[in-house]
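Below, chains carry the letters A, B, ... as their sequence lines are ordered, and counting in each starts from 1.
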Number of protein chains: 2
Amino acid sequence: MTTRQGEVLDAVLDLLVEGSALTMNAVARRASCSKETLYKWFGDRDGLLRATVQWQASRVRAGNYERQKLDTAALRESLEQFAANWLAVISSRTSIALNRVAIADAGSGKSNLGAIVLENGRFAIGERLKPLLEDAREAGLLRFNDAEEAFRTFFGLAGRDVQIRLLLGDTTLNLSKQDIERDAAEATRQFFALYGASQLPAEAG
Amino acid sequence: MTTRQGEVLDAVLDLLVEGSALTMNAVARRASCSKETLYKWFGDRDGLLRATVQWQASRVRAGNYERQKLDTAALRESLEQFAANWLAVISSRTSIALNRVAIADAGSGKSNLGAIVLENGRFAIGERLKPLLEDAREAGLLRFNDAEEAFRTFFGLAGRDVQIRLLLGDTTLNLSKQDIERDAAEATRQFFALYGASQLPAEAG
DNA sequence: GGGTCGCCGTACCGTACGTTACGGTTCGGC
DNA sequence: GCCGAACCGTAACGTACGGTACGGCGACCC
């Protein structure tokens with residue numbers, strides 16, 4: 001992946017975010033490259049989309065969680081960061097645009113953009129969060145049987161209706177940085193109320 | 001909306017659920033009608049899609065909640081039914097297909113399918129659930145300040161990652177009727193843990 | 001300075017699909 | 001039995017777009 005190729009993929013992202021129709025002509029014009037080059041580098045339109053999705057995924061992937069000795073404050077801090085980061089990602093125009101094409105593609109089943117997005121989004125964050133949850137359980141801070149189920153609950157508390165509303169074009173939902181931090185803190189508080197070891201476990205699955 | 005027109009829209013739903021490309025030719029063939037009739041009845045392709053979305057919405061709309069004197073058991077029962085019904089809807093092949101076209105459409109901004117789906121999905125269920133929550137607060141069963149926020153939490157606890165995974169084509173998620181009932185019960189239990197008046201309120205927003 | 005390579009711009013091709021037009025058929029009203 | 005309306009099936013048109021071909025041009029090598 002040369003820098004020039006990255007510029008081309010950024011042009012694709014630009015067009016997607018704008019909501020313009022993503023034709024090969026439009027990409028070539030925006031990226032100031034020839035269509036021949038596009039086909040040489042990416043094969044066909046599907047390959048271009050796949051490369052774009054992976055290109056963006058490679059940028060979003062944050063540092064992995066480092067196993068550590070946890071106390072309640074550190075755990076809360078980590079959870080809030082996870083939630084805030086996730087909310088920031090799913091409310092970004094880029095993520096919305098990419099999820100839209102991936103969802104449309106998953107319907108026609110031509111490429112496998114949906115699987116790529118899932119792998120780098122929902123599943124990646126799950127794999128990054130579960131070690132934290134398990135360390136917290138080890139440290140006696142959380143109670144749960146199944147880390148996957150606990151994660152899914154946290155995912156629901158953090159995301160709520162945000163992603164589907166944004167994907168469907170709801171314009172009444174405008175998450176500022178402050179909103180995101182407040183919502184992330186609230187989700188974390190609720191998660192502690194459900195899974196915190198200092199309280200009665202809510203028959204957590 | 002004649003019954004014949006309903007048959008045509010059912011043909012559209014069939015094609016969408018199959019994942020076939022939704023061309024006017026395919027619709028005409030599947031519905032055994034002429035393209036001329038399609039254009040006469042629905043104007044253009046967008047009109048056909050709009051009519052299809054509204055046609056399905058008119059079928060999904062369930063009975064409204066009837067205000068009643070609530071006790072804990074009745075409240076739990078109602079909440080579980082709401083959650084189970086919502087999970088059944090969003091995991092149905094029809095809903096997935098319609099949400100896909102609506103989301104794709106919301107990206108290009110041609111029609112306003114996204115708004116229609118939101119209005120008949122997420123927002124409709126919110127308006128139906130909030131009176132129940134408020135009655136429960138009135139009856140001293142729940143504690144919260146903002147019914148909208150409480151609803152959004154319930155929405156997150158019930159839906160979690162289900163909708164986005166299905167929209168993105170995740171095939172590892174297969175919700176049986178039993179799964180749905182179990183998840184609905186669990187979400188309701190968690191919601192009570194967060195907002196039930198018999199416990200300390202979790203600083204609920 | 002000539003040859004080669006990689007790329008840009010553009011013209012071009014084939015096809016898919018939205019849309020329109022039209023001949024043929026059924027059916028209710030008189 | 002005849003008329004008109006509604007509708008079916010299909011052919012035809014125009015366009016948009018994915019994909020290909022080709023001429024030109026700067027860069028680099030020898």
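The distance between atom CG of A/D46 and atom P of D/dC17, rounded to the nearest whole Å, is 16 Å. As a whole-Å value, the separation of B/Y39 OH from C/dG18 P is 6 Å. If you take CD of A/E7 and P of C/dG6, they are 19 Å apart, rounded to a whole angstrom. For the pair A/R29 CZ and C/dA11 P, the interatomic distance rounds to 13 Å; values are reported in whole Å. Rounded to an integer number of Å, the gap from CD of A/Q5 to P of C/dG6 is 13 Å. Protein atom CZ of B/R45 is 8 Å distant from nucleotide atom P of C/dT19, rounded to whole Å. Rounded to whole angstrom, the span from the CD atom of B/E36 across to the P atom of C/dA21 amounts to 9 Å. Distance B/R4 CZ to D/dC8 C1': 9 Å, rounded to the nearest Å.
Nucleic acid contact for B/L22: sugar-phosphate only, since backbone atoms but no base atoms lie under 4.0 Å from a heavy atom of the residue. Across all strands, B/N25 comes closer than 4.0 Å to no nucleic acid atom at all (heavy-atom distances).
Comparing B/W41 and A/T23 by the nucleotide of DNA chain D whose heavy atom lies nearest to each, the residue mapping closer to the 5' end is B/W41.
With respect to the salt-bridge test (charged N to carboxylate O, under 4.0 angstrom), the residues B/R59 and B/D10 qualify.
In B/E148, the CD atom is crowded: over 12 heavy atoms of neighbouring residues, nucleotides or ligands sit closer than 6.0 Å.
Atom CD in A/Q163 sits 10.0 Å away from atom CG in B/D161 (nearest 0.5 Å). Between atom CZ of residue A/R165 and atom CD1 of residue A/I90 there is a gap of 11.5 Å, rounded to the nearest 0.5 Å.
Closest to the side chain of B/S34, out of C/dC7, D/dG9, C/dC17, is D/dG9. Candidate nucleotides D/dA6, D/dG19, D/dG18 were compared by shortest atom distance to the side chain of B/K40, and D/dA6 ranks first.
For A/K35 against D/dG19, a side-chain-to-base donor-acceptor contact under 3.5 Å is present.
Ring geometry for B/F155 versus B/W86: interplanar angle of 30 to 60°, hence tilted.
Taking only side-chain nitrogens and oxygens, B/T37 comes nearer than 4.0 Å to OP1 or OP2 of D/dC8.
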